[in-house]
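Notes follow once the structure below has been shown.
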Amino acid sequence: MLKDQLQLDFSHLLSKSPLLKEQTISQGVVGLAEPKMAEHGDFASNAAMVLAKSLGTNPRELASTIADIWKTHPDVNTIEVAGPGFINIRLNPSAITNQIYEILTRSHQFGNQKKTTARKLHVEFVSVNPNGPITIGSGRGAAFGDTLCRILRAAGDEVFAEYYINDALNSEQMRLFALSVQAHMKREAGIKAELPENGYRGDYVLAVSHELAKKISHDADLQTIQEEVQKEMIRQQRESLEAFRVHFDNWFSEQSLHAGGKVAEAIEKLKKNGHADSEPYSWETTRQGKDNVTTQTSQEPGPLWFRSQKLGDEKDRVLVRSDGRPAYIAGDLAYMQDKLGDRHFDQSLLILGPDHHGYIGRMDAVTRALGFEADRFRIIIYQLVRFLKEGQLAPMRKRDGNIYELKDLYKEIGVDAARFFYIMRSHDTPLDFDIDLALKLGDDNPVFYVQYAHARICSVLAKAEEEGIGKPLWNPSFADLLHDPKELNLVKRICDLPEVVSRCAEDFQVQRVATYAAELARAFHLFYDSCRVVQKDQPELSSARVCLVEAARIGLANALNLVGVSAPQRMHREQLVP
RNA sequence: GCGGCUGUAGCUCAGUGGAUAGAGCGCCUCCCUCCGGAGGAGGAGGCCGGGGGUUCGAAUCCCUUCAGCCGCGCCA
């Protein structure tokens with residue numbers, strides 16, 4: 001927006017100057033930034049300090065030379081050199097307020113960018129095993145992943161969100177889950193049945209067993225039970241995620257890779273590339289105290305090894321177990337080939353929880369072994385969520401029956417608060433989710449602060465309608481009517497959105513959108529406190545301010561939409577009390 | 001041991017190599033004849049974990065060290 005245009009204009013002006021002709025002047029060299037202190041102007045440039053060295057001049061002298069050049073720009077009001085060589089620029093207020101026109105015009109598209117070459121991105125997230133409901137732990141991945149998808153789309157990329165269903169029939173975990181369910185079904189039918197060792201317990205297992213007993217007999221073969229119970233768990237997961245406003249373009253079945261022969265194909269490709277073999281030896285890794293000790297044994301026949309260590313992994317991996325069943329990584333291999341090879345995604349992003357660090361090395365090896373450039377695949381790890389209830393650390397394990405489901409969380413505090421809380425902190429930071437605090441938050445809740453600003457604007461707009469101001473179109477003559485520092489600050493804050501979006505798309509730090517929303521809400525509240533919008537005796541000013549306030553509403557609504565939080569017309573206090 | 005992440009106000013955390021370090025909560029004052037007070041103004045509270053380096057300039061980049069959390073299966 002304004003800043004980009006100025007940087008472009010300024011670099012153009014500089015490149016015409018004989019003094020600086022030798023230098024390559026790009027937008028980056030101009031380096032406009034918004035100073036923290038208002039007295040330093042609307043924008044400051046450090047160009048003189050950056051260029052001084054290569055030109056062999058004094059930064060302050062150079063700064064005043066540059067300042068003289070930029071002073072010719074029509075939007076510049078005053079320009080001065082300060083400190084070690086900063087160039088502080090104050091713009092004509094109308095240059096700032098005229099931005100309102102563009103914001104109003106772009107409306108719900110405001111903040112979205114167009115890229116000359118949109119990347120085709122694949123984003124996989126959540127993908128929990130179909131052996132339990134979505135927990136509050138995976139909820140972070142759901143909120144983060146969905147938000148990231150929305151932001152990447154806004155930044156101009158083509159995004160395909162996919163859920164990878166771990167439904168392989170040869171999965172040990174799923175076999176154990178099916179066995180556990182079968183045992184519960186038998187018990188319910190009054191038949192004595194032992195739960196397998198490390199079997200699944202807990203209310204949800206009983207519930208799903210009960211549900212399944214209505215459809216099939218406990219005598220059914222294990223594969224049928226596994227298929228049916230998976231179907232039911234996935235249905236429940238999907239329901240929870242939809243209600244949490246988390247959308248997937250596709251639910252991808254791991255089993256389809258096995259059944260369709262894609263796993264076998266990928267394994268063959270690896271063998272051909274020389275990255276897999278079944279040398280008749282194998283290693284055994286045992287744990288001695290704190291250390292892993294690897295000893296070479298010579299068992300025959302050995303498994304098929306993926307020689308991932310040569311590709312940067314910490315050790316080789318078993319690709320096909322000694323008994324001929326493919327290991328989990330074989331599915332990953334086929335899936336990668338499917339995404340980057342068959343479906344031609346430019347890049348594949350995989351969002352994983354904190355218990356998957358070990359994944360990075362082997363997946364990078366998988367990418368390389370298949371012959372893809374390493375940077376076409378990227379894992380993003382989010383850190384642990386801990387969940388506190390009544391001051392206690394609440395367990396989330398799936399086998400002790402005491403899980404906290406994502407569903408329960410958003411039923412308690414609402415989807416808006418839950419989503420906002422999940423993404424308002426960097427995914428790199430561990431998150432303590434105190435449910436009691438979240439419940440009593442009410443007034444202090446940052447999401448309400450932002451939503452309240454939006455609702456307040458809607459009230460103002462309704463008031464304007466009542467007073468006959470309606471929804472005026474932006475008139476350039478309004479630009480000069482808005483000159484209060486709070487008004488100018490509000491416009492500048494709104495204008496930050498496009499840059500926030502691009503930066504988030506670069507480094508995945510999506511909490512910046514939440515920070516933006518809170519800052520914009522603050523700028524609005526500050527404005528609201530000192531500038532009355534609807535004033536009968538000043539129709540022109542009122543119209544101008546209505547435009548400004550509508551622009552602020554657009555900024556808030558679009559930011560909230562990016563993080564999957566609603567932008568309400570009004571807030572009801574009674575909604576806070578369940 | 002190896003690897004990942006984190007260390008910023010009493011607490012929870014923001015922070016684009018830039019000038020005097022930011023918010024919320026909590027604590028202490030104050031502001032509604034008024035478009036929603038779920039708001040606003042002010043106060044107290046900081047060797048940005050320690051040390052070195054790069055730079056005109058470092059909370060931010062590099063190295064090192066300390067502390068905390070997490071991960072390292074022919075499980076997925």
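Residue numbers begin at 1 in each chain, while the letters A, B, ... track the order of the sequences. Computed from a predicted model, the values in this text were never measured in an experiment. Hydrogens, waters and symmetry mates are skipped; everything else that's a heavy atom, side chains included, is used.
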For nucleotides B:A38 and B:C5, find the distance between their C1' atoms and express it as a whole number of Å.
35 Å
Which nucleotide in the list B:C69, B:A76, B:A14 gets nearest to the side chain of A:Asn129?
B:A76
A:Phe86-B:A19 aromatic stacking (under 5.5 Å, under 30°)
yes
Measure CG/A:Asp428 against C1'/B:G15 and give the value in whole Å, please.
15 Å
Mind listing the closest non-hydrogen atom pair of A:Gln509 and A:Cys504 along with its distance?
O-SG, 3.4 Å
In whole Å, what separates the C1' atom of B:G46 from that of B:G22?
12 Å
For A:Tyr359, the ring-ring contact (aromatic ring centres under 6.0 Å, His included) test, sequence neighbours excluded, returns A:His356
For the C1' atoms, the ones on B:U8 and on B:C47, what distance do you get once it is rounded to whole angstrom?
12 Å
Taking B:C56 as the reference, what is the distance to B:C48 when you measure between their P atoms (whole Å, please)?
24 Å
Polar side-chain contact A:Asn46-B:G18 base: donor and acceptor under 3.5 Å:
yes
Under a 3.5 Å limit on both distances, the Watson-Crick or wobble mate of B:A9 is none
Would A:His357 count as stacked on B:G3 if the rule is ring centres under 5.5 Å and plane angle under 30°?
no
Return the orientation label for the A:His525 and A:Tyr452 ring planes: parallel under 30°, perpendicular over 60°, tilted otherwise.
parallel
Is the shortest side-chain heavy-atom distance between A:Glu80 and A:Phe86 below 4.5 Å?
no
Does a distance-only test, which skips hydrogens and angles, find a donor-acceptor pair under 3.5 Å between the side chain of A:Asp167 and the base of B:A76?
no
